[in-house]
Amino acid sequence: MFGVTQEGNSVCCNVHGFEPYFYISCVDGIGPDDVPKLRSTLETRMREANRNSKSQTFVTKIEVVQKRSVMYYQVQKARSFLKIFVGLPTMVAGCRGILEKGINIDGIGQRCFLTYESNVLFALRFMIDCDIAGGNWVELPVGAYQKSSRQLSYCQLELDIHYSKIVSYPAVGQYSKMAPFRILSFDIECAGRKGHFPEPEHDPVIQIANLVTVQGEQRPMVKNVMTLKSCAPIVGADVMSFDTEKEVLLAWKEFVKEVDPDIIIGYNICKFDLPYLIERAEKLDVVEFPILGRIRNSRVRMKDASFSSRQYGIRESKELTIEGRVQFDLLQAMQRDYKLSSYSLNSVSAHFLGEQKEDVHHSIISDLQNGNSETRRRLAVYCLKDAYLPQRLLDKLMYIYNYVEMARVTGVPISFLLARGQSIKVLSQLLRKAKQRNFVLPNVKSQGVVSGESFEGATVLDAKAGYYDKPIATLDFASLYPSIMMAYNLCYCTLVRAEDQHYLRLEPEQVTKTPSGDMFVKPSLEKGILPEILEELLAARKRAKADLKLATDPLEKAVLDGRQLALKISANSVYGFTGATIGQLPCLEISSSVTSFGRQMIDHTKKLVQERFTTANSYSHDAEVIYGDTDSVMVQFGTSDVHEAMELGREAAQQISDTFTQPIKLEFEKVYWPYLLISKKRYAGLLWTKPEKYDKMDTKGIETVRRDNCLLVKNLVTECLHKILIDRDIPGAIQYVKNTISDLLMNRMDLSLLVITKGLTKAGDAYENKAAHVELAERMRKRDAATAPNVGDRVPYVIIKAAKGAKAYEKSEDPIYVLENNIPIDPQYYLENQLSKPLLRLFDPILKNASKELLHGSHTRSVSISTPSTGGIMKFAKKRVSCVGCRTPISEENQILCKHCQGREAELYQKTVSNVRDLEQLFGRLWTECQRCQGSLHQDVLCTSRDCPIFYRRKKAQKDLGEAELQLEKWDF
DNA sequence: AGGATGCTCTAA
DNA sequence: ACTATTAGAGCATCCT
């Protein structure tokens, strides 16, 4: 066990005496007397299967214990199980296999056994049995431990203890404090050959930048960079230069040992930086390099890993074992926790920190390295920033707090949170609770449940699509699925098997028959462990939220907020765990019962609202449910008054809640007004939680929140919704659409607005149909395999002009390639395949003849002649005549304002002047930034970072400035 | 031409 | 050895 003390000293604790084990059920005809025979037979079989093993003993002992399977309700509270102990954790799997397949015992014959808890990872088993949760405080009591006689680790403290003597503290009071982890953030630079992505086989590591921070402190304690060849000094950082690459690598290895970090972070370190260092050291025969962990002389082990889950998709990476140090790759964390269009460090930093990285195009890294100490200094500054940004992200997003709290709540080690999926967290809680109640979990083979066999999910009420100018109240069930499981005591151990229903002779009032036809006993007979877990999670969340309100210390607040979030996520994933057909312990009776209750409840709610809130019951209008999804109903009470709608919503929620079993509760949450309902799962509206003012514009499911639309569509739809819902200016929205379409067709659109991104969810050949992003990825692989997108990456592309009738997958192209080669894009495609349908969906409910008005007006006729050689997009400052006030096109060259805006000259002149000034400033700032980034030596190298926001913003500012200056000139006439 | 199917992404 | 769920919209391609 590795850890850190309150004072910040690293500890290695050699825990003794804890043995791996699992259970089997005692089948008929096998009693306690047969145990020695079983042990010796099993021992022989194990020895046969592992002839080369040096192990003395495989099966160390077998105990008879009184336990009970968690599966199905049983009257008998305990029966005999055999607890089988083995010599090493790796022997569990082999032993399990033999017992499940069948074993021939002398005098008894061939027998198969069901095994229990035989799939629990040894580390988790140990933690569960010792009540240790990931990230919590553990005490080694004075007198119970010995100082180790021989140092096996590099830790500051090394101790020996018997497992039974360890004291674990729940994270309350002083024990909820975060440990002072030492965090190392690092980044490497490699000198790739021109046009190639660096490969450890050929390309040297030239720089390694490091930042060491103690968790909770504002400033890093160490900031340095190790460089190959000389490097000019950098203020605020130690520069260490070396003549050979071997020296750089060894300096870093020593540095890691010296700093002794608890956590190693960085961006893409698990897939790039760490493997690169290891492979490079191998190539250079630096044999002593890969000793980076806390165990003496233990080398880092590396293997290819592929993680696949429905939630996160397929993700390939390398799995490195660095003993005693948690690897926390910010890229992996970002991909798990946030849905973004791009996951480059640059883009992520811009998004969360409003800060960009020093952008050095990979093609000039080698030039900088081969220059002098000044150019290498520039590279080092860049490298340092890449080490600094992950630490900033870690702080900004409260990652340590949130992940440590998640580990504490679910009980798994912190390292599992990034390396494993959701189900291990539920399993960990389930095993802990089962142990308390003397249950054991069966090891079901996934074939037991026919994979692909599915169950019915939630009801989505039909959407009465349209534009609603009256307040729409939303009633929600709070934590619907957890509430259902608690209300009806749904659990593995309360489920009455169909074949048991008869002989158990249960009275109707002792059981619940669920709408899906399954039967569960009530808590009076047996309280379910799932409801118990959920109650504890939700009660703990309530406490955390209450404490959060009282807390004043920002660190304490961070801990509590992380905790309440972890508790919420954990409660919600219990249902998913039971429905995971290829999982640890699927139980579709539970999950389909949950959803069947949910369906019944939403129907019931709709019915009650429409029955009770009527003019016949002396309400001013008849209420109408216009939509609902899973746990919510949208109600039009008919009133035009927001406050009244809120009151009615509260009344309805209260009344209807009373008709449900505790703790199921319907809550009034918010009002939408106005509300645009497009279809199921797609709507927009102004959201009100108080009658005075709306909180924000809320959009669900439509283009504005989807990552696979280009910015042009997103921006246009957002702007239209803003004009329709907030400004209530439909003509303004129409004009805006027309102007945008005109800009598009005139080739005045910035390329960055036309970039579409889609995730590459599987390997190219696994796709049955051809798709634009898949084909492009394949073409890019042929151009340069190293920089082409991989499985799990997002692929950005634009649609370019091609022969008539060409498929979209033949017209997709890499935006950078398009920019560099001046390839013309296809505006018509963007109009017909990207813009038109979303716009029509938006305008159809509020505008008759929307198609004619928006997509076929005169603004669509002024198509510019495409100029393939130069490309429309590169001409940024193009003359155009439109009204300064409202951007309506004007026919006369010298006019500034349209008829409509005349009379506002003074105001609009001021606006133009300040606009030019702002743009000048903006452009100047961006230009300086790009200048600094490119370096004065390389002015001819155009920065074309795929997603450098500055690059696009600078180009945009340049274009806008040109236009604004033109406008200003006109005022002088 | 038009329905079926595959694919991506989101709501809850 | 690993894997939380289903419902649904909307688009492109395939297939007849």
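Protein chains get the first letters and strands the later ones, always in sequence-line order, with residue 1 at the start of each. A quick note: this is a predicted structure, and the numbers were derived from the prediction, not measured.
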Answer with base, sugar-phosphate or nothing: what part of the nucleic acid does [X] contact at a heavy-atom distance below 4.0 Å?
X        : value
A:Arg336 : nothing
A:Val774 : nothing
A:Lys762 : sugar-phosphate
A:Thr761 : sugar-phosphate

Please name all residues satisfying salt bridge (Lys or Arg N to Asp or Glu O under 4.0 Å) with [X], sequence neighbours left out, ordered by chain then number.
X        : value
A:Asp462 : A:Lys680
A:Asp844 : none
A:Arg682 : A:Glu703

Could you pull out all residues at least two apart from [X] that satisfy ring-ring contact (aromatic ring centres under 6.0 Å, His included)?
X        : result
A:Tyr467 : none
A:Tyr797 : none
A:Tyr627 : none
A:Phe597 : A:Tyr488

Which donor-acceptor pairs under 3.5 Å do side chains of residues 479-487 of chain A form with protein atoms, sequence neighbours excluded?
unit_1, atom_1, unit_2, atom_2, d
A:Ser483, OG, A:Ala478, O, 3.1
A:Ser483, OG, A:Ser479, O, 2.5

Whole-Å distance between [N] [atom2] and [X] [atom1]?
X        : N      : atom1 : atom2 : answer
A:Phe577 : C:dC2  : CZ    : P     : 13 Å
A:Asn443 : C:dC2  : CG    : C1'   : 14 Å
A:Tyr767 : C:dC14 : OH    : C1'   : 17 Å
A:Lys425 : C:dT3  : NZ    : P     : 11 Å

Verify, without hydrogens or angle tests, whether A:Tyr575 (side chain) and A:Asn572 (backbone) share a donor-acceptor contact under 3.5 angstrom.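 Not a single qualifying donor-acceptor pair exists.
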Any sub-3.5 Å donor-acceptor pair from A:Arg563's side-chain atoms to A:Glu405's backbone N or O?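 Side chain of A:Arg563 to backbone of A:Glu405, a donor-acceptor pair under 3.5 Å: no, none is there.
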Positional range of nucleotides in DNA chain B within the contact set of chain A, heavy-atom, under 4.0 Å: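 Contact span on the strand: B:dG6 to B:dA12.
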What one-letter contact string describes nucleotides 7-13 of chain C from 5' to 3', where B marks a base within less than 4.0 Å of any protein heavy atom, S marks contact via sugar-phosphate atoms alone, and - marks no contact? BSSSSSS
Say we look at B:dA12 and C:dA4: how far apart would their C1' atoms be, to the nearest angstrom?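 Pairwise C1' distance, B:dA12 against C:dA4, rounds to 14 Å.
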Mind running a 4.0 Å heavy-atom check of residues 410-423 of chain A against DNA chain C and sending the residues that fall below it, in number order?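 Hits under 4.0 Å, by residue number: A:Arg420, A:Gly421, A:Gln422, A:Ser423.
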What residues form a side chain to side chain donor-acceptor pair (under 3.5 Å) with A:Tyr338, not counting sequence neighbours?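 With sequence neighbours excluded, A:Tyr338 shows a side chain to side chain donor-acceptor pair (under 3.5 Å) to no residue whatsoever.
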